[in-house]
K.L.:
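Structure in structure tokens, see below.
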Protein chains: 2
Amino acid sequence: MTAQELSGDQRLPIYQRLADVLRRDVTEGRLRPGDRVPSDNELSQTYQLAPGTVRKALDLLVSEELFERFHGRGTFVRRPSFDSSLFRFFRFRSSDGTSAVPEGRILRRVTENVPSYIARQLKIEEGASAISMSRLRLIDDVPIIAEEIWLPLDRFEAFLDIPTGEVGNLLYPVYDEACGQLIAKAEETLTAEAASEQTARLLRIETGTPVMMIDRLAKGYDGTPMEWRRSRGRADLFHYHTEIR
Amino acid sequence: MTAQELSGDQRLPIYQRLADVLRRDVTEGRLRPGDRVPSDNELSQTYQLAPGTVRKALDLLVSEELFERFHGRGTFVRRPSFDSSLFRFFRFRSSDGTSAVPEGRILRRVTENVPSYIARQLKIEEGASAISMSRLRLIDDVPIIAEEIWLPLDRFEAFLDIPTGEVGNLLYPVYDEACGQLIAKAEETLTAEAASEQTARLLRIETGTPVMMIDRLAKGYDGTPMEWRRSRGRADLFHYHTEIR
DNA sequence: GAGTGGTCTAGACCACTAT
DNA sequence: TAGTGGTCTAGACCACTCT
């Protein structure tokens, strides 16, 4: 590569502008998860920057958990492998003691008019048509979590062509392969409530016992809302741990 | 200050060792919350280091949220002002719309033999004597959270001399003033359960309705466990928000 | 051995804050 | 105006990985 100009607002620090360029390379698909990022040397040559400045930009992106660096190997776009993150909250152990991805069973998948609350979250038109799913997650055939999922129809139409029986235990890889939609991050909100009749039936617990409710809005690299999900799980299996300072 | 040697394992990077020295200055009380840390220049002179190395150590401590830096003013030891953090989880609004510190009422304060589970957490002897408190937190006279608190007797004996009526709405400043004990960080574990009779009475809700239970182990700068606390709050007021990547 | 990132130096210049 | 941190340069040397 030959020397290039750094785009963006010239008043911003150089390392910020370089980070912006690289961030955009990811959000716009020129760099994909797992890809190697040009080395410090290459970057300092193409943009005619001191190595320290390049390093500062990369350190920033590492701290954002967008990149990871490996001494002697290179810098790479981090794979967002956070499907386990919800389940980190639950004590998920198979009977053999190993922790595993719970089984996912799609119980229902239809296109429906999206409720206005969810439309607002997904930033689609109120009353527009969207994909609606019910899904049950089990370990050793014991139901742990019941999920309601909504997907915007325009991005995920191709998902409907895949028979529900052939969808594996993880949805996000399927979103990528079938629809070219990458999930990069998410926001979750956590509450507890008393189990409704329907939830109780699905989770095989008594109506009225406490369940944890986790709402997740999953987004792409550029922050576009992609999937809305409400998960309800047995509170007695739930424990969320956090450090505060 | 004159030139000094950096202590610690000589195989560690210099910036790590400098950070260790400064961290210890905080944990051992030579630098207290709000104090100004020596400037980059001073540090690079006293330890005979390049400014970039000093900066790297300080950046590290900033990223740990131990220090904060202000352009043109200096570097300071961060005040751990996280008493609000538990309550960040709850939708705490006064009737006038402003968010405020909830009122804290100590209902009971005695010395008792500490249960073994809590003794293990606080790293004190099983069956040793400790301070045990019940406390209620209210907003506009509405009870929101019921707390059980345990304190090691050796560190907090002086706390018993303060009449419960004179303890304000925040405990940690009192721990500091009365006992010289600074709380710097904490770990919390979050679960939901059905309200017991006693909890229901305190929170003025129905027995069996879901409550959030938050266990907190508060620690000093050096990680010494200081206070164990179990808080139970109305689940309908509770919502915890988090970002995942 | 070639290439990568990690540490460290020794400055320059700038922007912000206090007085 | 003096002192602070923020940015940036232009290297050197080292430790690690791959082949």
K.L.:
Where do A/Ala186 and A/Arg216 come nearest, in terms of heavy atoms and distance?
P.N.:
CB-CG, 3.8 Å
K.L.:
Looking at D/dT7, I'd like to know if its phosphate oxygens (OP1 or OP2) sit under 4.0 Å from a side-chain N or O belonging to A/Thr53.
P.N.:
no
K.L.:
Would you kindly give the CG-to-C1' distance between A/Leu43 and D/dT9, to the nearest whole Å?
P.N.:
17 Å
K.L.:
Give a yes/no answer on whether the side chain of A/Arg69 brings an N or O atom under 4.0 Å of OP1 or OP2 in C/dT4.
P.N.:
no
K.L.:
What's touching nucleotides 14-19 of chain C from the protein side, N or O pairs under 3.5 Å?
P.N.:
| residue | atom | partner | partner atom | Å |
| --- | --- | --- | --- | --- |
| C/dA15 | N3 | B/His71 | NE2 | 2.8 |

K.L.:
For B/Glu68, is there an ion pair with B/Arg78 - N to carboxylate O distance below 4.0 angstrom?
P.N.:
no
K.L.:
Whole angstrom is fine here: how far is it from CG in B/Asn41 over to C1' in D/dG5?
P.N.:
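Rounded to the whole Å, the gap is 10 Å.
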K.L.:
For A/Glu68 and C/dG5, give me the distance from atom CD to atom C1', rounded to whole Å.
P.N.:
14 Å
K.L.:
What is the distance from CG of A/Asp59 to C1' of C/dT7, rounded to the nearest Å?
P.N.:
12 Å
K.L.:
Take atom CD of A/Gln45 and atom C1' of C/dT4, then tell me their distance rounded to the nearest Å.
P.N.:
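Interatomic distance, CD of A/Gln45 to C1' of C/dT4: 14 Å.
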K.L.:
What is the distance, rounded to the nearest whole Å, between atom CG of A/Leu61 and atom P of C/dG5?
P.N.:
13 Å
K.L.:
What is the distance, to the nearest angstrom, from the CZ atom on B/Phe67 to the P atom on D/dG6?
P.N.:
14 Å
K.L.:
Return no unless some side-chain N or O of A/Lys56 is found under 4.0 Å from OP1 or OP2 of D/dT7.
P.N.:
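Answer is yes, contact under 4.0 Å.
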K.L.:
For a quick test of reading the model: is some side-chain N or O of B/Ser39 closer than 4.0 Å to OP1 or OP2 of D/dT4?
P.N.:
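For D/dT4, OP1 or OP2 has a side-chain N or O of B/Ser39 closer than 4.0 Å.
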K.L.:
D/dT4, C/dT4, C/dT9: which one has an atom nearest the side-chain heavy atoms of B/Ile14?
P.N.:
C/dT9
K.L.:
Check the phosphate of D/dG5 against B/Thr75, side-chain N and O only, distance under 4.0 Å to OP1 or OP2. Yes or no?
P.N.:
yes
K.L.:
Please confirm whether the shortest side-chain N or O distance from A/Tyr15 to OP1 or OP2 of D/dC8 is below 4.0 Å.
P.N.:
no
K.L.:
Please state how far atom CZ in B/Arg55 lies from atom C1' in D/dT4, giving the value in whole angstrom units.
P.N.:
11 Å
